[in-house]
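For reference, the structure discussed in these notes is given below.
Hydrogens, waters and symmetry mates play no part in the numbers below; they use all other heavy atoms, side chains included.
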Amino acid sequence: MAAFSCGQSGNTPTETTTIGNIKISADESFSQIVDAQVQTFEGLYKYANIEVVYKPEVQVVKDLLEDTIRLAIMARQLNDQEKAAFEKLKITPRIHKIAVDGIALILNKENQDTTLTMQQVRDIFTGQTTSWRQLDPNAPEGKITIVFDNSSSSTARFIQDSINQKKPLPPNTYATNSNSSLVDYVAQNRNAIGVIGVNWISDRHDSTAISFLKKVNVVGISANNNPTSTDDYIQPYQGYLAQGTYPLRREVFIISREARAGLGTGFVSFVTGDKGQRIILKSGLVPTTMPVRIVGFAE
């Protein structure tokens, strides 16, 4: 962190990497991690004030392009169209990978189909499989309901891009208005399958994650379409995300359009540095600079 010097004669000091005010946008699926980063940073630097606005991914990118914020945290890099927009403005955004996250599939506690192959996952999200009995002849009759936190969320975009190859989601797809609402819906509806960021259920010291895990089951997924044992099914534990064996992984980036070394630059340095990476490690995600160990979800 760069040192700072207070202004003379009681003047307000110029913004530096550890002092000033900044507004940033972050993907709402990372609110817990970003809150922890901001609270720790502001605790260390009492003259720093970071206002975070949590939005769906589509809106986060829009804010960054329209210059309403200088910093964005999201689960993808800029696409070619967005890069071209910045080139037109003669701005070169600085992009830093800060973590590896995953997408977890969650089920109602009464649903016994807690393991799926990647082919079965694709069939569900492309609409080829619409009932649980298609997966298990002994399952109770029931139409599958796919649930996201938001129709414009990064999790919905991930499924469309990575699973559906950009094809539309099927008609049995719905959205709630928050991750908490998503978990509650799945907990109350046996036929639902929810899509949520791993960070919401990975920190076993966090009260929210603990409460979520008590309400739902987390699906184990096999990349092998003909698994030979239960060991072929991988849950989104931190170690498996790090090893790359869990199939539904995504990366998390912090993107800055700050033209000079201001408070945004200081916050980026913090998040990508030792203290910020330790916060990510504790959350259950994979930091970019530290080794991790395998820790399972509590039953």
Side-chain angles (χ1 to χ4, degrees), residues 17 20-45 48-79 82 86 93-104 148-158 175-182 195-203 206 208-209 249-258 262-273 275-288:
T17 55
N21 300 279
I22 189 173
K23 182 178 180 180
I24 72 175
S25 281
D27 183 329
E28 56 194 2
S29 68
F30 302 119
S31 61
Q32 289 179 298
I33 293 175
V34 177
D35 280 346
Q37 298 280 0
V38 170
Q39 288 167 10
T40 305
F41 184 83
E42 291 181 340
L44 292 170
Y45 305 104
N49 179 51
I50 300 175
E51 178 188 353
V52 189
V53 181
Y54 294 106
K55 297 182 178 182
E57 182 182 80
V58 171
Q59 293 299 317
V60 172
V61 177
K62 186 172 182 287
D63 285 350
L64 191 65
L65 288 169
E66 293 181 351
D67 197 22
T68 58
I69 51 109
R70 283 184 277 162
L71 211 66
I73 299 174
M74 49 195 275
R76 67 171 177 86
Q77 298 201 48
L78 299 173
N79 60 34
E82 292 155 358
F86 278 115
R94 291 186 294 278
I95 303 173
H96 304 267
K97 177 182 169 182
I98 60 173
V100 176
D101 183 29
I103 299 296
F148 291 92
D149 58 324
N150 188 295
S151 60
S152 300
S153 71
S154 58
T155 54
R157 189 265 309 159
F158 177 90
T176 61
N177 57 14
S178 69
N179 286 283
S180 296
S181 298
L182 164 64
V195 186
I196 193 170
V198 166
N199 67 96
W200 283 93
I201 55 173
S202 57
D203 186 350
D206 177 73
T208 300
R249 297 180 310 282
R250 62 178 182 174
E251 297 176 332
V252 187
F253 299 91
I254 187 166
I255 303 174
S256 172
R257 61 171 291 160
E258 200 166 59
L263 186 58
T265 302
F267 185 62
V268 170
S269 296
F270 174 81
V271 175
T272 57
K275 289 185 174 65
Q277 290 290 285
R278 287 184 183 278
I279 291 171
I280 290 172
L281 181 67
K282 178 185 176 298
S283 76
L285 300 191
V286 180
T288 58

Testing the basics here: between [X] and [Y], what is the closest heavy-atom pair and its distance to 0.1 Å?
X	Y	result
Pro56	Ser152	CB-O, 3.5 Å
Ser154	Glu57	CB-OE2, 3.3 Å
Thr272	Ile98	CG2-CG2, 3.9 Å
Asn150	Ala156	O-CB, 4.0 Å

Min side-chain heavy-atom separation [X]-[Y] under 4.5 Å:
X	Y	answer
Gln37	Ile280	yes
Pro93	Leu78	yes
Leu263	Ile50	yes
Leu285	Ile33	yes

Checklist line | Candidate pair Asn79 and Glu82, rule side-chain hydrogen bond (donor to acceptor under 3.5 Å, both in side chains), full reasoning | finding: CA-CA 5 Å; Asn79 60 34; Glu82 292 155 358; 3.3 Å; yes
Margin query: Can a side-chain donor-acceptor contact be found between Ser178 and Ser180 if the only test is distance below 3.5 angstrom?
Written below: no
Next item on the list: With rounding to the nearest 0.5 Å, note down the distance linking CH2 in Trp200 to CG in Asn179.
Entry: 4.5 Å
Margin query: Rounded to the nearest 0.5 Å, what separates atom CZ in Phe148 from atom CD1 in Ile196?
Written below: 12.0 Å
Notebook entry, point to check: What pairs with Asn21 under side chain to side chain contact (heavy atoms under 4.5 Å, CB included), at least two apart in sequence or on another chain?
Noted result: Asn49
Next item on the list: Kindly assign one of parallel, tilted or perpendicular to the pair Phe41 and Tyr45, based on the angle between their ring planes and the thresholds 30° and 60°.
Entry: tilted
Item checked: The single option from Asp63, Ile255, Val268 passing side chain to side chain contact (heavy atoms under 4.5 Å, CB included) against Leu71 -> Val268
Note to self: So, applying side chain to side chain donor-acceptor pair (under 3.5 Å) with Thr288, which one of Gln277, His96, Lys97 is it?
What the structure shows: Gln277
Note to self: Just to verify, what does Arg250 make a salt bridge (Lys or Arg N to Asp or Glu O under 4.0 Å) with, not counting sequence neighbours?
What the structure shows: Asp101
